[in-house]
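Below you'll find the structure, written out as structure tokens, and then a few comments.
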Amino acid sequence: EKGGYEHFMAKEIMEQPKAVRDTISPRIKDGRIVLDNITLTADQLKTFRKIFIVACGSAYHVGMVAKYVLEKMTRIPVEVDVASEFRYREPIIDEKVLVLVISQSGETADTLAAMREAKRLGARTLSIVNVVGSSIANESDDVIYTWAGPEIAVATTKAYSTQLAVVYLLAIYMADLLGCLTAEEYAAYLTELQALPDKIEKILQNRENIQYLASQHFNAKDVFFIGRNLDYAMSLEGSLKLKEISYIHSDAYAAGELKHGTISLVEDGTLVIALATHQNLFDKMMSNVKEVKARGAVVLGMTTENNTQIEQVTDHVFYIPQTCDVMLPSLTVIPLQLFAYYVASMKGCDIDKPRNLAKSVTVE
Ligand code: F6R
């Protein structure tokens, strides 16, 4: 059942190239994105003054990536909210708002309740769901399925990756309908999107490097993940993966925020995982790495293949392939999942069923 792997999580991590390909391929026909069954029209799209994204946990982290991506590509303002918070702050919603709901199970109680509230207030709803026929899929105005297949491990991996893939499909689709992309830009985004599965595969083939880093650090007491912009969203996901399955305390910070408080926690030997995959933020990230190094931190860096200067300031580096800025999260997440997995495995944790957690959270 586990396909020769020790845990479902390992199997599901390794299935990601296929899951992402299965999610993307059927939606691209003759160089165009075709979202079958989507009833949302271009005219309706043009009326939206705002997009709200609601989700929980890792799906919320996908929402954070989606905020950056959708704002950049469509220029529609986007707000992201944890579903359990959304309903209790009287969100300003009407028919000029699109509410994007992200959920693997399609049954998460808070997410479902937030979606129902959005509908009651008149918003149009679009969901990204993995389980066909689930409540969220059934009740939203439109649904785009992630074709990840069944996800058994409590910690999500392939569902997260396929949710990201749908976000990219949707962002390109919407940006095109809104006239925000030239034909060349459209084609270039599609090329990058279709190249992601092979690049994910390449990172997976390199997993022994991550296993080695995990073997050096599985006894860490605290781990800090830092990054800027999309890498901040990835820091949140990396930190959640690590703490939920390895029980190591960890936190994620926007790198520029460190000096406003958190850096007081950094001492000799503190492990910091620094994500620096974006060229335009690379120098700023290197300054932040130097700040924590000066306080004794051990720094594991992640960047793209060309940025070898990082080796001068970090203790170890993991390189990921290049892609366009908005799609880097699809690659960044893979080493973060592997790191959490190997650390938890070396600590002998119950990886597929971490303590206190359930796969589908059906209470509010
Ligand atoms: C973390 C994880 C959870 C889920 C969250 C939402 O690895 O799996 O944080 O992402 O409980 O679940 P769904 O996507 O089913 O709504």
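Each ligand, and each atom within it, is numbered from 1 in the order the structure gives.
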Donor-acceptor side-chain pairing of Thr162 and Lys158 below 3.5 angstrom:
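Lys158 and Thr162 do not have a side-chain donor-acceptor pair below 3.5 Å.
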Geometric class of the Tyr341/His7 ring pair [parallel <30°, tilted 30-60°, perpendicular >60°]
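Rings of His7 and Tyr341: perpendicular, as their planes differ by over 60°.
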Same cluster or not: are Phe218 and Ile273 linked, directly or through other Ile, Leu, Val, Met, Phe, Trp or Tyr residues, by side-chain heavy atoms under 4.5 angstrom apart?
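Hydrophobic grouping puts Phe218 with Ile273.
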Between Lys2 and Glu6, is the closest basic N to carboxylate O distance under 4.0 Å?
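Looking at Glu6 and Lys2, the cut-off is not met.
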What residues form a salt bridge (Lys or Arg N to Asp or Glu O under 4.0 Å) with Glu364, not counting sequence neighbours?
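If we apply the salt bridge (Lys or Arg N to Asp or Glu O under 4.0 Å) test to Glu364, skipping adjacent residues, the hits are Arg87.
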Can you name the residues that come within less than 4.0 Å of ligand 1, going by heavy atoms only?
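Ligand 1 is contacted, at a heavy-atom distance under 4.0 Å, by Cys56, Gly57, Ser58, Ala59, Ser103, Gln104, Ser105, Thr108, Val154, Ala155, Thr156, Lys241, Glu244.
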Is there a donor-acceptor contact under 3.5 Å from the side chain of Tyr168 to the main chain of Val326?
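Checking the backbone N and O of Val326 against the side chain of Tyr168, a donor-acceptor pair under 3.5 Å is found.
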